[in-house]
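The structure appears right after this line, and notes come after that.
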Amino acid sequence: MAAVTLALVGFFGFVIMRVTTPPMATLFTDLSYEDSSAIIKDLERQGIPYEMKNEGSVIQVPKDKITRLRMKLAEGGLPKGGGIGYEIFDKSDALGSTSFVQNINHLRALEGELARTIKAIDRIQAARVHLVLPERPLFSRETPEPSASIVLRVRGALEPQQVRAIRHIVASAVNGMKAQRVSIVDESGQLLANGAAGDGAADGGSGDERRASFEKRMRDQVETIVSSVVGSGRARVQLTADFDYNKITQTSDKFDPEGRVLRSSQSREESAATANANDGQVTVNNELPGAQGQGGATAKDQSKKSEEINNYEISRVTKTEVTEAGRVNRISVAVLVDGSYTKNDKGEVVYAARAKEDLDRIATLVRSAIGFDQKRGDQVEIVNLRFADVPSVIPTDAPKGFLGMFQFTKDDIMYFVELGVMLILGIIVVFMVVRPLLKRVLAADPAAAIPAPLPALPEAAPAPAPPQIAATSMIDVAQVQGQVHAQSVHRVGELADRNPNETATIIRQWLSEPA
């Protein structure tokens, strides 16, 4: 009895504690041992219950305290991210440090901050950054370029865009570093980015990567817009893009003979006059100074000269065209859409092809999504065929009104399941343990409650109890104490009916006895 009682008390205590315990939720994940130790110490100081999983990398606390704890831990600088950042300069003993120690601390802080930033990217669990920042030698005109090497531990595989993003993050955070000087390696030793790659590989990736990225982006856009019309999973899209990776630089000069422009103009005009006296005779009188011409007319010779020079410039156009690599020459899209499915009166799934008007509208949407250009030779094909896999569930409208409010989350469902399991276990314990125990306890009470045989009736043979009543009183534990007394009175009445004389004698004896 004591063992069963202790077991019951322990079981119901466990059920009560389990039900009353608030649901636990994840506080932080992917923690280092240093961060886990610091966080647990702070939680124990505040007296907050917690649970550890995955060897301490995951810590869970009550769900209703997550927001306050995160703000409280962030105030104390937790979690630190498993590395040393700029908080290394918060120490008070930095005054006596040498320049060499300060430079080393600055390098460690920069590596730690870059590692924390890289860990914030999706699919990256841990990161280790090594920087090489060479100093410029004395009397040297050239400055060595800095470089970096990064080791990542990832979940799954990184996209090429993510790798390029990491390289540009590091190159932008370090003065003088170029993106092509950053090498990236994963935990399995696979080279994700080569530090000796050229500018083109560092900036935009190789030609195949650019083409694959463009096709994936366009395919996702087309599939999204088509799936919104025909339903999720009821469309297949294939897109092929033809790229021109030739970089062309073209320079052309064009002369327009009709477009003349006056560049310079020069005009020159000359005039001269000559006088002749005495018909050209030479005399002494004519040669004397102050001599007056006598009686002869003077003849004059005049000459005039004009000159004009005009310089014209013919119109000239110089045009330089640079066609960058990666130009799209043509886009081809093939879209396969499934029909619609309905249920008939017999509950069977019936397939129905889509109307031509619907296919034309879908084709119009696809052309707009890809930027269709007929001159470029783009092609779009929309085909309606029945898929091999028939949907097992026909989509129906979501519940509206009062039922639409009951949208439980996964945590709510798990909490209700846990309560249901605890309730079932409690019922099983009550019917399998408590009920048999009460039967055994109450089974001994009727036997003790039956009075002893009367001493005044020696001659009366003990009449056997009615088998039905006796059996009922011994088996049926649910009888109350009043039923036991009623059974005793019934038995005494039967004895009085069988022995009336002895009964009267006993009653007279009871009456004659003093009270």
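With salt bridges taken as basic N to acidic carboxylate O contacts below 4.0 Å, one links E270 and R268.
Here the OG atom belonging to S149 is positioned 5.5 Å from the NE2 atom belonging to H130, to the nearest 0.5 angstrom. Annotation: the span from Q221 atom CD to L239 atom CG amounts to 10.0 Å, rounded to 0.5 Å. The structure places CD of E381 at 14.0 Å from CD of Q238, a figure rounded to the nearest 0.5 Å.
In this structure R153 satisfies the side chain to side chain donor-acceptor pair (under 3.5 Å) test together with Q125, sequence neighbours excluded. Qualifying salt bridge (charged side-chain N to carboxylate O under 4.0 Å, His left out) partners for R236, counting only residues two or more places apart in sequence or in other chains: none. D242 is linked by a salt bridge (charged side-chain N to carboxylate O under 4.0 Å, His left out) to nothing, counting only residues two or more places apart in sequence or in another chain. Contacts of F139 classified as side chain to side chain contact (heavy atoms under 4.5 Å, CB included), with partners at least two apart in sequence or in another chain: none. Residues forming a side chain to side chain contact (heavy atoms under 4.5 Å, CB included) with R45 (at least two apart in sequence, or on another chain): D42. Listed by chain and residue number, K178, R181 satisfy the side chain to side chain contact (heavy atoms under 4.5 Å, CB included) test with E145 (two or more places apart in sequence, or in another chain). For the side chain to side chain donor-acceptor pair (under 3.5 Å) test, residues two or more places apart in sequence or in another chain that qualify with D358 are R361. For the side chain to side chain donor-acceptor pair (under 3.5 Å) test, residues two or more places apart in sequence or in another chain that qualify with Y50 are E44. Partners of D378 by salt bridge (charged side-chain N to carboxylate O under 4.0 Å, His left out), not counting sequence neighbours, listed by chain and number: R376. Scanning for salt bridge (charged side-chain N to carboxylate O under 4.0 Å, His left out) contacts around E223 gives an empty result, with sequence neighbours left out. For the side chain to side chain donor-acceptor pair (under 3.5 Å) test, residues two or more places apart in sequence or in another chain that qualify with D360 are K356.
The minimum heavy-atom distance between E111 and L131, with the atom names listed, is OE2-N, 3.0 Å. Taking every heavy atom of both residues into account, Y341 and R386 meet most closely at OH-CG, 3.5 Å. Minimum heavy-atom separation, I370 to I331: O-CD1, 4.0 Å. Between K65 and I48, the shortest heavy-atom distance links the atoms CD-CG2, 4.5 Å. Pairing each heavy atom of P62 with each of P49, the nearest pair is CD-O, 3.3 Å. Heavy-atom minimum distance, V154 versus E187: N-OE1, 3.3 Å.
In this structure, P134 and S147 have side chains that are not in contact, with every pair of non-hydrogen atoms separated by 4.5 Å or more. Contact of the Q250 side chain with the T320 side chain is not registered, since no non-hydrogen atoms from C-beta on lie closer than 4.5 Å. Counting heavy atoms from C-beta on, the side chains of V335 and V383 never come closer than 4.5 Å. No side-chain heavy atom of D253 sits less than 4.5 Å from a side-chain heavy atom of K319. Here the side chains of P146 and V132 are not in contact, with every heavy-atom distance at 4.5 Å or above. The shortest side-chain heavy-atom distance between V337 and R234 does not fall under the 4.5 Å cut-off.
Although no hydrogens or angles enter the test, the distance criterion places no donor-acceptor pair under 3.5 Å between the side chain of S140 and the main chain of R136. Judged purely by atom type and a 3.5 angstrom limit, R354 uses its side chain to pair as donor or acceptor with the backbone of D338. Between the side chain of N311 and the backbone N or O of S264 there is no donor-acceptor pair closer than 3.5 Å.
Checking I150, T117, L110 one by one against V170, the side chain to side chain contact (heavy atoms under 4.5 Å, CB included) holds for a single residue, I150.
For CG of N175, the number of neighbouring non-hydrogen atoms (other residues, nucleotides, ligands) closer than 6.0 Å is 12 at most. The number of heavy atoms from other shown groups lying within 6.0 Å of CZ (R108) does not exceed 12.
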Listed pairs under 3.5 Å, donor-acceptor, residues 213-220 side chains, sequence neighbours left out:
| residue | atom | partner | partner atom | Å |
| --- | --- | --- | --- | --- |
| S213 | OG | Q161 | NE2 | 2.8 |
| E215 | OE2 | R211 | NH1 | 3.4 |
| E215 | OE2 | A241 | N | 3.0 |
| K216 | NZ | D220 | OD2 | 3.2 |

